[in-house]
There are 2 protein chains.
Amino acid sequence: MFSIGDLSRRTGVKVPTIRYYEQMGLIAAAGRTGGNQRRYDRDGLERLSFIRHARDLGLSIDAIRELTELSTHPDRPCADAHRIARDHRAQVRAKIARLKRLEAELGRIETMCDADTVGDCRIIEALADHGLCSGEH
Amino acid sequence: MFSIGDLSRRTGVKVPTIRYYEQMGLIAAAGRTGGNQRRYDRDGLERLSFIRHARDLGLSIDAIRELTELSTHPDRPCADAHRIARDHRAQVRAKIARLKRLEAELGRIETMCDADTVGDCRIIEALADHGLCSGEH
DNA sequence: CTAATCTCTCTAGTCGCTATAGGTTCAAGA
DNA sequence: TCTTGAACCTATAGCGACTAGAGAGATTAG
């Protein structure tokens, strides 16, 4: 049996975060000692590792809840799991695209100014005036 | 003179967000009518446009506050403005790099499963087990 | 003058934690 | 067995950048 601190060290998830996940319904309420401290078994450890990994991949708490609920029904079709992964990937791709446009624009702005004082600074000017931008963002 | 609603329509910044910016000290408190409603002039419009554009580029409220304060001192050196833009761009680049790794991993995970039911679903398996990943993320 | 629209302040909610305060329990050493 | 110190408990508040809603007052067009 692991204490919450053991679980934290083994998974890399901080103690308050584990309690937060419990509160959010991501992990079942753990068993308790006589003194009201949480105790976990190997199963709890695995569930938390799953959550940790899925969070690292950027999945939302809601998506993870859906996935854990799914995984308790091994006979259900796994189309929902596929959908969640696909949707998330699409979102990540969209975010990358947007950030790339931003990065290009920031690079352009950065090269615009060789002044020394704020009064002549084209960086501030470029930030102020969207018309000076090369495209959308 | 513009009402807060006029300003909102002209800049695309929502009314409560304008009030929020005022509260955060991003824009000076506007003049008021006898009935306590905010009235803005062309100057206020320009300041808000600046903020809008900088936010679109992803700059934080704090960074924008620093920039607006700088721009009220035209004789100061503009190295700080350069630094803010450069730092922000570096952050954007780092975020892009991380998201690209994620995207690759999600793509790999997506192709792993051709099962029909959750019990055999390798997507859930892959999400559970970081050891199945090809690299870091 | 009336009715519709706008605006005001204040409070609370979003997401995924993180931090703090004040108290209790556990495990190991003397 | 007792004591100490680390780990644990709950509850609450804060982060950033808004967004939503309530309930009341102001403005403006007809």
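Chain letters run A, B, ... following the sequence lines, proteins first and then strands; every chain starts at 1.
Across the protein-nucleic acid pair, B:Met1 atom CE and D:dT27 atom C1' stand 15 Å apart, rounded to whole Å. Atom CD of B:Gln23 is separated from atom P of D:dA17 by 14 Å (rounded to the nearest Å). The distance between atom CG of A:Asn36 and atom P of D:dA7, rounded to the nearest whole Å, is 19 Å. With rounding to whole Å, A:Tyr21 atom OH is found 9 Å from C:dG16 atom P. B:Met24 has its CE atom 14 Å from the C1' atom of D:dT19, to the nearest Å. Atom NZ of B:Lys14 and atom C1' of C:dT7 are 18 Å apart (whole Å). Computed from coordinates, the A:Tyr40 OH to D:dC8 C1' distance equals 11 Å when rounded to whole Å. Across the protein-nucleic acid pair, A:Asp6 atom CG and D:dA6 atom P stand 17 Å apart, rounded to whole Å.
Between the side chains of B:Arg89 and B:Gln91, not a single donor N or O lies within less than 3.5 Å of an accepting N or O.
OP1 or OP2 of C:dC8 lies within a sub-4.0 Å distance of a side-chain N or O belonging to B:Arg38. A:Arg52 has no side-chain polar atom (N or O) that falls below the 4.0 Å cut-off from OP1 or OP2 of C:dG16. An OP1 or OP2 oxygen of D:dC9 is reached within less than 4.0 angstrom by a side-chain nitrogen or oxygen of A:Arg19. Note on B:Tyr20: every side-chain N or O is 4.0 Å or more away from OP1 and OP2 of D:dG16.
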task: Go through the steps to decide whether A:Arg122 and B:Cys78 satisfy the test side-chain contact (heavy atoms from CB on, under 4.5 Å), and finish with yes or no.
output: CA-CA 9 Å; A:Arg122 302 214 57 201; B:Cys78 64; over 6 Å; no
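The side chain of B:Ile4 approaches C:dT7 more closely than any other nucleotide in the set C:dT18, C:dT9, C:dT7. Ranking D:dA17, D:dC18, C:dA27 by closeness to the B:Ser60 side chain, first place goes to D:dA17.
With salt bridges taken as basic N to acidic carboxylate O contacts below 4.0 Å, one links B:Glu66 and B:Arg83. Between A:Arg10 and A:Asp6 there is no salt bridge, since no side-chain N of the basic residue sits under 4.0 Å from a carboxylate O of the acidic one.
Annotation: of the two residues near DNA chain D, B:Arg55 and B:Gln37, the 5′-most nearest-nucleotide partner is B:Arg55. Residue B:Ser3 is the one, among B:Ser3 and A:Ile61, whose nearest nucleotide of DNA chain C lies closer to the 5' end (criterion: closest heavy atom). When the nearest nucleotides of DNA chain C are assigned to A:Asp62 and A:Thr33 by heavy-atom distance, the more 5′-ward of the two goes with A:Asp62.
Among the heavy atoms of the strands lying under 4.0 Å from A:Arg32 are primed sugar atoms or P, OP1, OP2 only; no base atom is included.
With A:Ile109 as the fixed residue, the side-chain contact (heavy atoms from CB on, under 4.5 Å) test singles out one of A:Ile123, A:Leu132, A:Ile124: A:Ile123.
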